[in-house]
Each structure stands twice: as C-alpha cells, then as structure tokens.
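Encoded as structure tokens, the structure appears first; notes follow it.
Just so you know, residue 1 is the first one in the sequence shown, and it goes up from there. Please read all numbers here as calculations on a predicted model, not as lab measurements.
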Amino acid sequence: VGAGLFSVLGTLLLPGLALLAQDWRLLQGLSALATGLLLLFWGSPALFPESPCWLLATGQPARARKILGHFAEPGGVDPEDGSEEESSLVPELDMLGAQSPRPQYHSVLELRHTRVVWRNGLILGFSSLICGGIRAGFLRNLAPSEPTFYWPYFLTAGLEAAAAVLLLLTGDRWGRRPVLLLGTLVLGLASLLLLAGTQYLPGWTMLSLSVLGLLASHAVSALSSLFAAEVFPTVIRGAGLGLVLGAGFLGQAAAPLADVHGRGGFFLHHVVFASFAVLALLCVLLLPESRGRPLPASLRDADCLHASRARRRPPPPSHRAG
C-alpha cells in the first residue's frame, strides 16, 4: 500500500516532467534512465537482498544465514554470542542445510495440484481484472461529451491515493476479506446504477457514482494484490502476485474495446464488466481471512487457509517446524 502512494507520486510528477522535456523522445529517454537505475539494486545484494523466508522455504539455509548476518551487523547483534534463543539460530540453520542439500524450486504450475490456493488466486485475479477493465466506463462518464486529459488524469491519481489511505485505516482494523467484500459491493452497485440510469439520473449523480466507482476499483485492486501476497505460499508468492497484477493490466488493455462501434461498444463493455463485478461479489465470500495469520510457507500450508476456519487456528506443523 505504501508503494502505491509512491506510484501516485510518480503519476502526479509525470505531467511536470513532460512539460520540462517538451519532446516525447526525451521524456522516454528520461523514463528509461530512471528505470535503468534499478539495475544498481539488482547488481548489489547488500542494497536489495533476497528474502530469507523464501530462501529457507526453498531449502537454501546457507544463503539465508549470510543475509541474516548482514541484517544483524548494523545493530551489533551476534547470534552466536547472544541470548539462548539467538544462539540456537545458527545450529538450526546448519541442521536445515544438512536436511536439504539441494534447493527445491517450485513452479506456479504446481497450483494445479492444490485444493484451495488455485481458487484463491483465481478469485483475486478475477477481481483485479474487473477493476482494471471497468475504470474505462467510469472515466467515460466523467467526460461524456468532450474527452479531456487533465481532469480524469489527476482525479484518478487522487482517488488512487485516497484508496491507499483508506486501506491503511481499515485493512488491519476490519480485516482484508470484509474490506474487499465492501469494495466489490460498492463497485458493483455503482456500475449497475450507472448502467440502468444513464438516461434518467441527473449529471451530478452520474459524476458522484463514477467517482465512487473509481475509488472502489482502486481500493479493490490494491487490496487484491495485498491479499494475494498473504494467501500465496512463500515458495511461489512472487509468481502468484505477478499473475494477479498481470490480470489487472489485462483488464486495462480491454479499455479500447469501449470505443468500438461508438456508443454501442461502450454499452457492451459496461454490461460485461458490471456483470463480472456482481459475480466477483459472490466469489469473494469464498476467500479466507488472512489478517492475524502466519504467512504460509509451503503449498500445503496455504491449502490449510479456509474461509470457514477460525482465525485463532494455530499454524500447521510444517510451518512451525520451518
């Protein structure tokens, strides 16, 4: 969610950078240069180290021990000379290294052999897809007569920031699943009201519903990514989160379909995604609550997350052993 606020900051700064560049080639070159600076983090493990949790889950305790040592150095902590709990870390990592001499990498295709994880990923990817595709309908209602750039652009950025702040205030207090359910409900109601009352609702009502729908779409999209990072196991968390984010971009790629055959294409686009939003509302009920639960390490641990289980259920034995 905090990274989303930095994304909003970049969105707000982009028009100013374009005003200074005055040429799209120069703007593209500046953007590529800024992105190329990220290679410095990739080439320096000290600046951007690998996740020790992922290393332990995939059977690489030696690398995890080295990175944990780098984490401990700035604080002056020596695990070998510390307390009894800290001193047991080193022999425990050595024992794990003896048990798994070779790294055990996992593919996202292994989701086919799970009972719950594939369903959770499919629901979250479906929600992200809807949020990415339905924004075109809300933006079209903001400027139905003459398309403008600055008004929808800055409004979308502001609503994305508001959605991030809203998640920071409600995500830990109410839980992920209720907030996602509420956001999907608001998204579906706003899209259905706009679809049914286009010719009857006054202009200010259309504007209010469009703004509310955009806010809900940004909140559901960000929460779907956060939810995916908590329900996918550590061994494939990056791949699972990438699939959910990719579904959102796929929905955004469907936005030009709204302009096919004029107003008829926009109406069909809105009908399809409004129907999907109602279907997503029913699917969210199948998701488990991840607040207060330990992050699953393996596919078996992630399969133990059920919507009907109590939140106080202890972690599975495989997670405690890890």
Side-chain angles (χ1 to χ4, degrees), residues 1-35 127-171 179 182-184 186-191 193-195 198 201-226 245 248-259 263 266 269-270 273-274 277:
V1 177
L5 293 176
F6 281 93
S7 176
V8 172
L9 181 61
T11 303
L12 296 176
L13 292 178
L14 183 59
L17 186 61
L19 183 63
L20 294 176
Q22 293 292 328
D23 184 67
W24 71 269
R25 296 178 181 84
L26 179 59
L27 179 63
Q28 186 69 24
L30 292 175
S31 302
L33 179 62
T35 309
S127 301
S128 183
L129 173 71
I130 294 169
C131 293
I134 205 170
R135 288 174 196 158
F138 293 133
L139 291 173
R140 182 75 171 266
N141 288 316
L142 290 177
S145 56
E146 120 181 44
T148 58
F149 171 75
Y150 293 104
W151 157 244
Y153 182 86
F154 288 107
L155 178 63
T156 303
L159 291 176
E160 187 176 355
V165 174
L166 186 65
L167 291 180
L168 289 175
L169 297 177
T170 60
V179 176
L182 178 61
T184 310
V186 173
L187 181 65
L189 286 177
S191 59
L193 288 175
L194 285 174
L195 186 64
T198 304
L201 295 177
W204 65 270
T205 306
M206 299 277 292
L207 180 62
S208 301
L209 289 175
S210 299
V211 171
L212 186 62
L214 280 174
L215 178 63
S217 68
H218 284 295
V220 172
S221 178
L223 190 55
S224 297
S225 303
L226 173 63
L245 292 175
F249 288 114
L250 182 62
Q252 296 180 26
L257 297 177
D259 297 327
R263 190 71 183 179
F266 168 71
H269 179 273
H270 203 148
F273 279 97

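- Contact check for Leu209 versus Phe138: no side-chain heavy atoms found under the 4.5 Å cut-off.
- Taking CZ of Arg135 as the reference point, atom CG of Leu187 lies at 9.5 Å (rounded to 0.5 Å).
- Between Leu207 and Trp151 the shortest heavy-atom distance is CD1-CZ2, 4.1 Å.
- Around the CZ atom of Phe154, the shell of radius 6.0 Å holds more than 12 heavy atoms that belong to other residues, nucleotides or ligands.
- The side-chain heavy atoms of Ser224 and Val220, taken from C-beta on, include a pair separated by under 4.5 Å.
- Going from atom OG of Ser210 over to atom CG of Leu215 covers 12.5 Å, rounded to the nearest 0.5 Å.
- Of all non-hydrogen atoms in Ala277 and Thr184, the two that sit nearest each other are O-CG2, 3.8 Å.
- For the pair Leu167 and Leu226, the minimum side-chain heavy-atom distance is 4.5 Å or more.
- No side-chain heavy atom of Thr11 sits under 4.5 Å from any side-chain heavy atom of Thr156.
- Here the straight-line distance linking atom CG of Leu159 with atom CG of Leu212 works out to 9.5 Å at 0.5 Å rounding.
- Residue Leu168 holds its CG atom at 6.5 Å from CG of Leu5, rounded to the nearest 0.5 Å.
- Expressed to the nearest 0.5 Å, how far CG of Leu14 lies from CG of Leu27 amounts to 6.0 Å.
- Contact check for Tyr153 versus Pro15: side-chain heavy atoms found under the 4.5 Å cut-off.
- Under the 3.5 Å distance criterion, the side-chain polar atoms of Ser217 are left unmatched by any main-chain donor or acceptor of Cys131.
- Rounding to the nearest 0.5 Å gives a distance of 5.0 Å between CD of Glu160 and OG of Ser7.
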